[in-house]
Amino acid sequence: MSVSSNRLSLEGKVAIVTGAAAGIGRASAILLAERGAKVVVADVSEEEGRQTARTIGDNARFVRADVSDEQSVRDLVAATLSHFGRLDIAHNNAGIAIGGTELADFGKAGWDRVIGVNLTGVYLAMREEIPAMLESGGGSIVNMSSVAGVVGQVGQAGYIASKHGVIGLTKAAAVEYSARGIRVNALLPGTINTPMVQKIINENPGWVEALTAAQPIQRLGEPEEIAEAVAWLASDAASFVTGASLAIDGGFVAQ
Amino acid sequence: MSISFGKTSLAGKVAIVTGAGSGIGRASAVLLAERGAKVIVADLDEDQGRKTVAQIGDQSHFVHVDIADEQSAKDLVSQTLSKFGRLDIAHNNAAIYLTGPEIGDTEKSVWDRVIAINLTGMFLAVRAQIQAMLETGGGSIINMSSASGLTAQPGQPGYVPSKHGVIGLTKAAAVEYSGRGIRVNAVLPGPTRTPMTQDLIGKNPGLLDILNAAIPMQRLGEPEESAEAVAWLASDAASFVTGATLSVDGGFVAQ
């Protein structure tokens with residue numbers, strides 16, 4: 001018996017993945033390509049970004065982009081259209097974590113930077129992606145929020161605010177553009193085994209037990225597990241899913 | 001290049017779908033089978049249930065069930081084990097929808113019936129399924145909530161509280177069993193073109209325009225679109241998703 005997967009296929013679609021040099025972004029870029037999409041690998045980090053593109057092969061192209069910079073995001077979408085001719089999928093994943101101090105001591109420079117990349121960066125990206133998608137007849141945008149988009153954590157005021165904001169921005173765009181064929185959804189990963197988290201664990205050896213104990217599923221997630229959700233939301237299988245926030249967190253926010 | 005759908009496959013898995021005689025339940029049973037699962041089609045309505053089995057073929061089997069009845073929920077699981085030897089996936093979809101007066105004028109008998117089927121029925125099903133899944137090393141449970149699990153509409157005594165309750169029950173089970181390999185999630189469809197909805201529209205010709213206008217995507221969902229969410233959550237692609245609520249509603253609750 002042949003197993004039917006057709007609505008999951010991304011064949012013929014063109015995707016942008018920001019922050020695709022490492023972690024979840026890299027895993028998503030690879031999986032989108034495996035499902036048939038052509039992928040623009042976007043990152044500020046050129047060397048690692050090119051490595052993601054090389055791992056994928058001919059169906060990928062690296063474009064250097066700083067999502068907090070208006071012109072850079074414009075150039076990213078223009079480069080996508082000039083290389084692959086259309087835009088169907090955007091995974092706005094680029095984000096940074098700045099933390100370690102409580103709110104009263106949280107510096108404005110750090111605040112501006114985390115809001116600039118994590119929230120304003122998603123706004124700038126969508127503002128450019130949406131007109132390109134309207135030209136191509138619609139599309140699917142998958143924005144990266146976090147469990148920090150629905151709960152608070154100590155010492156992360158800027159990050160928490162930015163990720164809550166991504167959910168609001170996602171709903172606002174979904175309500176505006178869903179009738180014109182653009183679906184917009186947010187993903188909320190829990191604690192994932194990315195290079196960023198590995199670095200924190202290496203610096204604080206006791207943390208892996210504490211982090212594991214905090215997850216009902218009793219382990220950290222893998223980048224590939226988030227990528228599966230990106231690929232699903234990007235596909236026609238999710239054709240009635242828009243404005244949704246999907247937690248991929250081993251039960252973290254359910255408790 | 002060959003396209004890989006590896007983790008979305010359900011080959012080798014055994015599923016129960018309750019309320020599989022029509023609408024979303026039937027679409028889910030059909031899609032789970034298409035992705036490779038063996039499917040127990042459970043329904044109170046034997047004629048309709050057997051039609052679903054006829055559509056799927058050899059890898060499905062009908063079991064008559066009254067989901068509000070404790071013994072019937074237990075028998076459903078034991079018949080699944082005796083027919084197919086294991087249980088990996090349960091889509092608890094059976095529910096009733098009663099429109100009625102406002103809460104101040106609602107008879108207790110109406111309340112009791114909705115809660116007994118939509119919420120207590122789900123508890124009975126989940127309880128029996130968990131015991132079987134622990135035997136076979138884990139599984140994935142997908143409970144049917146609704147956009148009415150997060151929001152309220154007038155004149156649905158019992159239905160709105162029952163669907164809110166399903167989300168609570170889902171989180172409670174997820175937090176308890178995710179560490180032992182059982183993921184538990186809820187799907188929240190918006191207005192969907194099921195026989196139930198078609199019946200309401202038939203009796204109230206203005207309703208379709210009202211519903212379309214209330215959905216950012218400006219159309220009803222199709223049963224197959226909710227089924228795609230069920231099939232994805234059932235699969236290993238969703239291996240870090242548990243305790244989550246997934247809206248499939250064209251943006252209905254985002255506004």
Side-chain angles (χ1 to χ4, degrees), chain A residues 1 3-5 7-11 31 33-36 57-59 170-172 174-179 181 183-185 188-190 192 215-222 224-226 228-229 231-232 235-255, chain B residues 1-11 31 33-36 59 170-172 174-181 183-184 188-190 192 215-222 224-226 228-229 231-232 235-255:
Chain A
M1 195 202 61
V3 175
S4 158
S5 313
R7 282 161 65 112
L8 295 164
S9 170
L10 302 178
E11 219 170 1
L31 188 62
E34 279 180 17
R35 297 273 159 85
D58 285 348
N59 281 337
T170 298
K171 290 179 182 178
V175 167
E176 288 181 355
Y177 290 98
S178 292
R183 297 183 295 104
V184 191
N185 294 289
L188 286 59
I192 308 299
Q215 322 293 323
I217 211 168
Q218 304 274 304
R219 66 175 176 86
L220 303 190
E222 296 298 326
E224 291 73 17
E225 295 180 292
I226 310 303
E228 289 282 356
W232 185 73
S235 78
D236 295 342
S239 52
F240 202 52
V241 183
T242 189
S245 307
L246 176 57
I248 309 172
D249 65 352
F252 186 75
V253 300
Q255 65 190 345
Chain B
M1 200 197 66
S2 85
I3 297 178
S4 157
F5 296 102
K7 289 173 80 168
T8 62
S9 168
L10 303 177
L31 187 62
E34 278 181 19
R35 295 272 159 82
Q59 65 188 102
T170 299
K171 290 180 181 176
V175 166
E176 288 181 353
Y177 290 98
S178 293
R180 282 173 274 173
R183 297 183 294 102
V184 191
L188 285 62
T192 302
I215 300 168
M217 210 174 260
Q218 298 188 4
R219 66 171 177 87
L220 301 186
E222 298 296 329
E224 291 73 17
E225 294 179 297
S226 286
E228 289 282 357
W232 184 73
S235 78
D236 294 343
S239 51
F240 203 55
V241 183
T242 189
T245 50
L246 176 53
S247 291
V248 185
D249 67 354
F252 188 73
V253 301
Q255 63 189 347

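Side chains are part of it too, since the values below use all heavy atoms of this structure and drop only hydrogens, waters and symmetry mates. In what follows, chains are A, B, ... by sequence order, proteins preceding strands, each numbered from 1.
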Please look at B:Arg219 and chain A and tell me whether the side chain, the backbone, both or neither of the residue comes under 4.5 angstrom of a heavy atom of that chain.
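Both parts, backbone and side chain.
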How many angstroms lie between [atom1] in [X] and [atom2] in [Y], if you round to the nearest 0.5 Å?
| X | Y | atom1 | atom2 | answer |
| --- | --- | --- | --- | --- |
| B:Glu228 | A:Arg7 | CD | CZ | 5.0 Å |
| B:Lys7 | A:Leu31 | NZ | CG | 9.0 Å |
| B:Ser239 | A:Arg219 | OG | CZ | 5.5 Å |

Determine whether A:Glu228 and B:Thr8 make a side-chain contact, defined as any pair of heavy atoms from C-beta on separated by less than 4.5 Å.
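SC-SC contact between A:Glu228 and B:Thr8 confirmed.
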Validation row: A:Gln218, B:Arg180 side chains within 4.5 angstrom (heavy atoms):
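Sidechains of B:Arg180 and A:Gln218: no contact.
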A:Ala238, part contacting chain B, at a heavy-atom distance under 4.5 Å
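No part of A:Ala238 comes within 4.5 Å of chain B.
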Under 4.5 Å from any heavy atom of chain B - which part of A:Ser245
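The backbone, not the side chain.
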Relative to chain A, which of B:Thr170, B:Ile215, B:Leu220 shows the most heavy atom pairs under 4.5 Å?
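Most pairs with chain A among the choices: B:Leu220.
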May I ask you to name which of B:Phe252, B:Tyr177, B:Phe240, B:Trp232 has the most heavy-atom pairs under 4.5 Å with chain A?
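Highest number of heavy-atom pairs under 4.5 Å: B:Phe240.
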Chain B interface, residue from [options] that has the most non-hydrogen pairs under 4.5 Å:
| options | result |
| --- | --- |
| A:Thr242, A:Leu246, A:Val253 | A:Thr242 |
| A:Ala244, A:Gly251, A:Gly190 | A:Gly251 |
| A:Ala174, A:Gly221, A:Gly57 | A:Gly221 |

What are the two closest non-hydrogen atoms of B:Gly243 and A:Ala254, and how far apart are they?
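Answer, listing the atom of B:Gly243 first, then A:Ala254: O-CB, 3.7 Å.
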For residues 245-255 of chain B, which residue pairs pass the side chain to side chain donor-acceptor pair (under 3.5 Å) check, not counting sequence neighbours?
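Of all non-adjacent pairs touching residues 245-255 of chain B, none passes side chain to side chain donor-acceptor pair (under 3.5 Å).
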